[in-house]
Amino acid sequence: MNFDNPTIAFVTGANRGIGAALVDALLTAGATKVYAGVRDAAAYRAPSPKVTAVALDVTDPESCERAAKEAGDVNLLINNAGTLASFDVLDMAMESFDLDLATNFFGPLHMARAFVPVLRRGTDPALVNVLTVLSVASMPGMGGYAASKAATWSLTMSLRHRLAADGIRVHGVFPGPVDTDMLADVQMPKTPPSAVAGAIVRGVIERTEDIAPDPMSEQVLGTFMSDPKAVERQFGAM
């Protein structure tokens, strides 16, 4: 399944995990160009001549503005960069919570504010926020991280309706556990990043607002739509 229109994408956190897999999936789907937002552009090894590295710190609004100027032809923004630093909300250091909020919430907000003017100029523009199933219900052991992602889910819904008049589609992605460095110490079944990235790109092409990119995500979102308290109780017991 390929893009119908010329697609120039920007992916944050593109150097590893889901981000690196997204770059590959976008190229496979026929993207014309992909900007890879990474902290160290000089160290990034592009997988194709169609990929351009852009130095980016999503926690820094000025860095996001510079990226938007460098990538002024983008019509698809994928906010993927994320951290997992804060766990139990009563025991974790506030600095850990600050890091997750700075990256997982304020990062997508800074990027949206910087790139919406760019997207408005594009053909069939779209913005994608990579969230987590923990956006809809929290696990106590990852309470801080879940809260930062829940805030970004709320932001996603706000942007969706704010940007509808501009013709900019806004997608939320709700992956379950993915086999990345972030979850290397978590012992549970995980979905390969390539499978998640492929599902994200398909969801964008199919114009799916809320994308469930793996079996756990499909089950959780399906249950949440009919019985949100059941998901809350399920995750709360984990």
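Nothing fancy with the numbering, it's 1 onward along the sequence. What you are looking at is a predicted structure, and each value in this text was computed from that prediction instead of being measured.
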Just jot down the side-chain hydrogen bond (donor to acceptor under 3.5 Å, both in side chains) partners of Thr132, sequence neighbours excluded, or say none. none

Taking the six-membered ring for Trp, are Trp153 and Phe174 parallel (under 30°), tilted (30 to 60°) or perpendicular (over 60°)? perpendicular

Would a hydrophobic clustering, with Ile, Leu, Val, Met, Phe, Trp and Tyr connected at side-chain separations under 4.5 Å, put Val51 with Leu77? no

Validation row: Pro140, Asp88 side chains within 4.5 angstrom (heavy atoms): no

Checking Thr12 side chain against Ala81 main chain: does a donor-acceptor pair fall under 3.5 Å? yes

Would you kindly say whether Asp100 and Ser86 are connected by a side-chain donor-acceptor distance under 3.5 Å? yes

Under 3.5 Å, is there a donor-acceptor pair between the side chain of Ser154 and the main chain of Ala150? no

Can Thr156 and Asn129 be counted as having a side-chain donor-acceptor contact under 3.5 angstrom? yes

Residues pairing under ring-ring contact (aromatic ring centres under 6.0 Å, His included) where one sits in residues 52-98, two or more places apart or in two chains, turn out to be none

Can you get from Ile211 to Phe3 by hopping between Ile, Leu, Val, Met, Phe, Trp and Tyr side chains that sit under 4.5 Å apart? yes

Determine, using the 4.5 Å side-chain heavy-atom cutoff (strictly less than), whether Ile8 and Val11 are members of one ILVMFWY cluster. no

Residue pairs involving residues 18-32 (criterion side-chain hydrogen bond (donor to acceptor under 3.5 Å, both in side chains); sequence neighbours excluded): none

Main-chain N/O of Ala112 paired with Asn79 side-chain donor or acceptor, under 3.5 Å: no

Check the surroundings of atom CZ in Arg162: do more than 12 heavy atoms from other residues, nucleotides or ligands lie under 6.0 Å from it? no

Taking Arg169 for its side chain and Ala126 for its backbone only, find out whether a donor-acceptor pair lies under 3.5 Å. no

